[in-house]
Amino acid sequence: MPLLEAFRMALETVVAQKLKSFFSLIGVFIGVMFLIAVVSIVQGMNVYVQNTVTSEIGGINSFQLRQRPNMVMGNVTEDMWREWNRRPRISVKDAAYVRARVTVPARFANYCADPVSISYGTKVAKQIELRGTEESYFSLKKYNIADGRAFSGEEVRAGFPVLVLGSIVAEKLFVGQEPVGRSVTIGGLPYRVVGVVESQGTTFGLSQDKFAIMPFSAPARRMICPIGVLDQLMVSTDDPATMQAAMDQVEAAMRIRRQLRPQQADNFTIQTADAALSSWKKVTTVLFTALPLLVGISLVVGGIVIMNIMLMAVSERTREIGIRKALGAKRRDILAQFVVESATLSLLGAAMGIAAGILLAYGIKALTPLPAAIAPWSLGLAVTLGILVGMVAGVYPATRAAKLDPIVALRAE
Amino acid sequence: MNPPIIRVGDLTRRYEMGGETIHALRGVSLEIERNEYIAIMGPSGSGKSTMMNVLGCLDTPTSGEYWLNGLEVSRLGDDALARVRNREIGFVFQTFNLLPRASALHNVELPMVYSGLAAAERRGRAAAALDRVGLANRMRHRPNELSGGQRQRVAIARALVNEPSILLADEPTGNLDSTTSAEIMHLFEELHRQGQTVVMVTHEPDIAAHAERVVTLRDGRVDSDRVTQGAAA
Ligand SMILES: Nc1ncnc2c1ncn2[C@@H]1O[C@H](COP(=O)(O)OP(=O)(O)OP(=O)(O)O)[C@@H](O)[C@H]1O
Ligand SMILES: [Mg+2]
C-alpha cells in the first residue's frame, strides 16, 4: 500500500477521534514544546550575549588590556580573586609603552569609567557612567553621533572639559531643549556638551544610554580613576587577521615592562570577545545537556501513551482489520497502516508542540527581558523526533494488528 | 470441458474448544464449474459458514485440499492468501462488513488499494462498480446514511470491483426484509447472467430456487448435491 494512502488514512482516523488523539499527543507535545522553547531562549541569549560582549569589547577584531577580566560568566575562585586584586593596575605609562610597541596597524583608546551625577541647573542625572577616553573610542564602539559632534584629538590632549552624552542623559537633563552647547556640572566642575550619541536601545530591560563621555584627562578625571592609571587600554586592529599578532605584541611588551620571568604568569589580562564568550558557552553547554534529558523523558512518556492508544485502537478496530484482510490487505499493509497512523499522530503532537514552543518563547520574550530566537535546527529535530517516537511506539501495536487472523478479526464485535 | 474453478477434496475443519473438539467440516468434496450459480443449504451449525470461509481463504482447513483456479490454495502462505483474497475472491457477508467511517466510494475502492492501483483509476472503477449495482447517486454516503439493501449493494460492488473468479455470499439477505431481499437476489441473478460464478449460503428455499444447483450440508458433510429448476429457468 502506498505511503500516501496510509498517511491519508491516518489523518482521517486522527480527525475522526479528535479528543482521544489530542490526549495521546500530550507527551510528545510537551517534549517538543520544551525543546523548541528552551532552545529558542538559550539561542536568543546566545545571540544577545554575543552581541553585547562583542560590542562591549568593540567587535571581533578588538581586545582590552586590563588589570583583571570584567566579563566573567564562569566560576571565579577565591584564589583567583585574590590574585587579581594583588595585580598592579595598568598605568598610563604602561599603556604608552605598549602602544609604542605594537607594529600592527591598530587604533587605541585609554579608558576609565565610574558612575557620577551630572547636573544642569536644578536637574540632576544620577548614576551616569562617566567614561574618560580618547577620540578613537567612538569609532571603536561604533557609536554614531546623533547631534553635535564627538570630541577631537586636540581636546583629548588638552584635557578640555567637553562631554558627549548618551541619549537618555540628554533627554533627562534638557527635556526638549537642544543639548549641544549647554553647560553642565560634574562634581562642581563645568562641562560643555558638544554632542549626543545615537540611542543604543535596551538589553535585559536596561537602557544602554546612561553614559557621558569626556576626554581622558579632562578635569573630572580624578572622580573616575586615580591619576596615572586606567581601567583598560582598548585596542582594535584594522584587520581581524592581525588581531592575534597585536595581542602577542601587547602581551610581550607588558611582560618586558613588568619584568616577568618566563615561568611567571601574566599579571594583567588581555580580554577578547571570544574569551569572554567561552565561559558563556560553558553555561549553554550545561543547559543543552540538561535539555535532552527533559525532552527525552517527555518523549518516552509520550511514546508509551501513544503505544497504549494504538493498542486500544487496534483492539477497537479489530473488525476493521478483519475487513481489510478479507479484502486482500497483507500483513505489511496493516503494519504500515498502524505505524504510519502512529507516526502521524506523533507528528501532529510535534507540530502542536512546535507551535506552542514558539508561542512560549515569544511570550517569554515579550514578558521578560530574556530574548528568544528560533533555531531552525530545533524545528527539524522536533519533526524528526516526532515521527521517530510515533514509529517506534507504533511498531508493537501494528505488529499485533498485522498478525490477526482474518476470520477471528471479522468475528470481533 | 474446462477445469473446475474450485475443487475441494476431503476438506475438514476442526475447532478445539476447552478440550472439546468440534468437527465443523468432516470431509467435504466438491467441484464448482465456471459460471455456476450454487446455493449451499443446511441446518444451523451444519458447517455452511465454515465452508464459505475456507472457500474464501479467510479460514484454513485442518486437512484436505483446496484448488482454486488451478492453484493449490491449501498450501499457500499468509501473503499469498491475501493476494488470492484480493484478486480471485469477492466475499459478501450477512453483516455487510463495510468500514463505517468511509464513504461508499471509498469502501469499494479498498480492494484496489491493496492491489496497488493508482487513486484515479481506483476512483473510476469504484464509481463504475457502484453504478453497476444501482448506487451511482449514493457514492458519497457513509454506510449509516444508507438502507440495509443499499449497504449490501455497496458490499456487492466492493466484492466485484477486482473482477474475482468467484463471488461468495454467506446469507447475503439474512439481515434484510423480504422486498429488499428480492431486489438483492435479482442483482445476484443479473450478475450470474453476465457470467459471474456465484456460491451463496441461504436458509430460504425460495431463494435457493434461484440457483442452478443446491448443495446441502448436514453435520459437516455434503448431504445432497442436485441440479434444480433454476438451471432450466
Ligand atoms: N470459531 C469457532 N470456534 C469453535 N466452534 C466453531 C467456530 N466456528 C464455528 N464453530 C462450530 O462449527 C460448527 C459449524 O458452524 P458454522 O458457522 O459453519 O455453521 P452454519 O452452517 O453456518 O450455521 P448457521 O446456519 O447458524 O449460520 C458449529 O457447531 C459451530 O458451533
Ligand atoms: Mg453461517
Candidate pair A/Ile323 and B/Arg158, rule side chain to side chain contact (heavy atoms under 4.5 Å, CB included), full reasoning: CA-CA 11 Å; A/Ile323 293 170; B/Arg158 183 180 66 182; 3.6 Å; yes

Quick one, B/Arg85 with A/Leu327, criterion side chain to side chain contact (heavy atoms under 4.5 Å, CB included). Give me CA distance, side-chain angles, the key distance, then yes/no. CA-CA 6 Å; B/Arg85 288 197 290 271; A/Leu327 299 177; over 6 Å; no

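- Using a 4.5 Å heavy-atom threshold, the side chains of A/Arg324 and B/Val113 count as separate.
- Residue A/Leu410 holds its CG atom at 8.0 Å from CG of B/Asn53, rounded to the nearest 0.5 Å.
- Counting non-hydrogen atoms of other residues, nucleotides and ligands closer than 6.0 Å to CD of B/Glu20 gives a total of 12 or fewer.
- For the atom pair CZ (A/Arg411) and OG (B/Ser49), the distance works out to 8.0 Å, reported to the nearest 0.5 Å.
- In this structure, chain A has a heavy atom under 4.5 Å from the backbone of B/Leu98, while its side chain stays farther away.
- A salt bridge (charged side-chain N to carboxylate O under 4.0 Å, His left out) with B/Asp79 is found for exactly one of A/Arg331, A/Arg332, A/Lys330, A/Lys325, namely A/Arg332.
- Within a 6.0 Å sphere centred on CE of A/Met391, heavy atoms belonging to other residues, nucleotides or ligands number 12 at most.
- Residues B/Phe93 and A/Ala326 come closest through the heavy atom pair CZ-CB, 4.1 Å.
- Residue with the most contacts toward chain A among B/Val84, B/Asp59, B/Asp78, B/Ile89: B/Asp78 (heavy-atom pairs, distance under 4.5 Å).
- Closest heavy-atom contact between A/Ala329 and B/Ala82: O-CB, 3.7 Å.
- Using a 4.5 Å heavy-atom cutoff, the side chains of B/Leu99 and A/Arg317 are not in contact.
- In terms of the salt bridge (charged side-chain N to carboxylate O under 4.0 Å, His left out) criterion, residue partners of B/Glu65 (sequence neighbours excluded) are, by chain and number, B/Arg7.
- Remark: B/Arg34 CZ is loosely packed, at most 12 non-hydrogen atoms of other residues, nucleotides or ligands lying under 6.0 Å away.
- Your options are B/Thr95, B/Asn97, B/Asn86, and the one with the most heavy-atom pairs under 4.5 Å with chain A is B/Asn97.
- Other residues, nucleotides and ligands contribute more than 12 heavy atoms inside 6.0 Å of the OH atom of B/Tyr37.
- In terms of heavy-atom proximity, B/Leu58 sits nearest to A/Pro406 at O-CG, 3.6 Å.
- Residue B/Arg83 qualifies as open at atom CZ: its count of foreign heavy atoms under 6.0 Å is 12 or below.
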